[in-house]
Structure formats: C-alpha cells, structure tokens
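Here's the structure, in structure tokens; my notes come after.
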Amino acid sequence: MTDTDQPETPLTAPDHQPVVRVIAMPADTNPEGDIFGGWLLAQMDLAGSTPAFDLARGRCATIAVDAMVFHQPVSVGDEVSIYARIIKVGRTSIRVHVEAWKRPRASHTVSRVTEGVFTYVAIDEDRKPRPLPEQH
C-alpha cells in the first residue's frame, strides 16, 4: 500500500485546554459573510502571546507569522478554540505553534480551521530586544 492508499486519520483537537475560546460574531465577517481572516489572525496572535509572555516574564512583541495555512472558513456563531504551544526558544525569541479549531453551535464536531507559527521577541521598556530569563 502506498501513502496515497492510506485512509486519512481524522484530526482531533489538542488534548490540553485552549488559550482562547470565543464565539464568532456578525461584526467579524468579511463582505462574503465568512469570518474575516484578519479577525482570526488577531485572536491567534493573542493566544500565541500568552505562553510567550509567561516564558519571557514580561513584554513581548510579535515579529513574524510563518507558515499560516487556512484549512476552512469560520462561520458566524461558530465557537473558535485556539491552542498554543511553544516550539522553540532562542536568546530573545520564542516561536509558538498556534491552531484554531471551530465547533458549529448545533454540533459537537470540531475541525481545524487554521494554524501557523508566531514568533515573539522579549522586549524591554525601550522596546529593544532583551534576553529571556533563565528557565529552570
């Protein structure tokens, strides 16, 4: 059997608590009536910043979003759960993998709608990069 003959493994949401959980509202739509990608990106940035701020023990700035993939749209009324986990720590930077999952209001079925890697840099009061605290 080749890889293309393998049945797809159904995706399941991560087994830890989401960092953000929010209901998509009509004010968050684009002209076609789907939830605006920029709104979803902002929610993901907020979620990704939470573990970054915790690890940095202070202020961080978002400096990059890599590998953003939109798998399917979000509709008004969907519950959006956003999961974030640190994947790499540098001297001043923290890379966080962020996934957004939706659950339609009338369903218990969840599906992944987008994911990406966000990079944050710890900054000081002058908004200059600062070394991350030692991790124990």
Side-chain angles (χ1 to χ4, degrees):
M1 208 182 234
T2 66
D3 286 342
T4 56
D5 295 331
Q6 300 277 341
E8 284 191 37
T9 304
L11 292 174
T12 58
D15 62 359
H16 55 280
Q17 290 295 313
V19 177
V20 170
R21 182 172 280 158
V22 64
I23 303 296
M25 301 297 285
D28 305 318
T29 61
N30 63 24
E32 287 75 38
D34 293 321
I35 296 302
F36 181 57
W39 175 84
L40 188 55
L41 184 64
Q43 299 301 314
M44 293 174 72
D45 191 17
L46 287 170
S49 70
T50 299
F53 280 47
D54 287 347
L55 189 136
R57 296 189 201 126
R59 192 170 181 182
C60 291
T62 308
I63 63 160
V65 179
D66 302 332
M68 194 73 186
V69 178
F70 288 92
H71 302 291
Q72 56 183 287
V74 174
S75 300
V76 170
D78 287 350
E79 178 186 79
V80 179
S81 297
I82 305 174
Y83 300 85
R85 64 180 171 82
I86 294 172
I87 58 173
K88 185 176 181 185
V89 176
R91 190 179 75 77
T92 63
S93 65
I94 304 161
R95 290 177 52 88
V96 181
H97 181 255
V98 182
E99 289 182 308
W101 290 71
K102 72 175 182 180
R103 182 185 61 82
R105 293 184 82 178
S107 173
H108 291 289
T109 304
V110 296
S111 54
R112 186 174 60 189
V113 294
T114 187
E115 62 185 308
V117 176
F118 290 67
T119 303
Y120 303 89
V121 168
I123 56 175
D124 63 20
E125 57 278 345
D126 296 320
R127 298 183 178 166
K128 302 288 185 215
R130 65 174 170 85
L132 293 168
E134 295 248 349
Q135 302 303 308
H136 300 284

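- What you find for Ile123 and Arg130 is that their closest heavy atoms are O-NE, 3.0 Å.
- Leu46 and Val96 are not part of a single hydrophobic cluster, where members link through side-chain heavy atoms under 4.5 Å apart.
- Interatomic distance, Leu55 CG to Arg57 CZ, rounded to the nearest 0.5 Å: 7.5 Å.
- Atom CG of Asp45 sits about 9.5 Å away from atom OG1 of Thr50, to the nearest 0.5 Å.
- Note on Trp39: it does not cluster hydrophobically with Trp101, by side-chain heavy-atom contacts below 4.5 Å among ILVMFWY residues.
- Within 6.0 Å of CZ in Phe36 there are 12 or fewer heavy atoms belonging to other residues, nucleotides or ligands.
- When all heavy atoms of Val98 and Ala84 are compared, the pair lying nearest together is CG2-CB, 4.2 Å.
- Contact record, Val113 with Pro73: CG1-O, 4.1 Å, taken as the closest heavy-atom pair.
- In this structure, the side chains of Gln43 and Val80 stay at 4.5 Å or more apart for every pair of heavy atoms.
- Side chains of Thr92 and Val121 form a contact here, defined as non-hydrogen atoms less than 4.5 Å apart.
- Proximity of Glu125 to Arg59: side-chain heavy atoms (C-beta onward) are nowhere separated by under 4.5 Å.
- Minimum heavy-atom separation, Glu115 to Glu99: CB-CG, 4.0 Å.
- With rounding to the nearest 0.5 Å, the separation of CZ in Arg103 from NE2 in His108 is 6.5 Å.
- When all heavy atoms of Phe118 and Met44 are compared, the pair lying nearest together is CZ-CB, 3.7 Å.
- Distance check, rounded to the nearest 0.5 Å: CG of Leu40 to CG of Asp28 gives 10.0 Å.
- A continuous path of ILVMFWY side-chain contacts below 4.5 Å connects Phe70 to Val22, so both sit in one hydrophobic cluster.
- Cluster membership for Tyr83 and Val20, using ILVMFWY side-chain heavy atoms within less than 4.5 angstrom, is not shared.
- Nearest heavy-atom pair across Thr119 and Ser93 is CG2-CB, 4.2 Å.
- Two different hydrophobic clusters hold Ile94 and Val117 under the rule that ILVMFWY side chains link at heavy-atom gaps under 4.5 Å.
- The closest side-chain heavy-atom distance from Asn30 to Ile35 is not below 4.5 Å.
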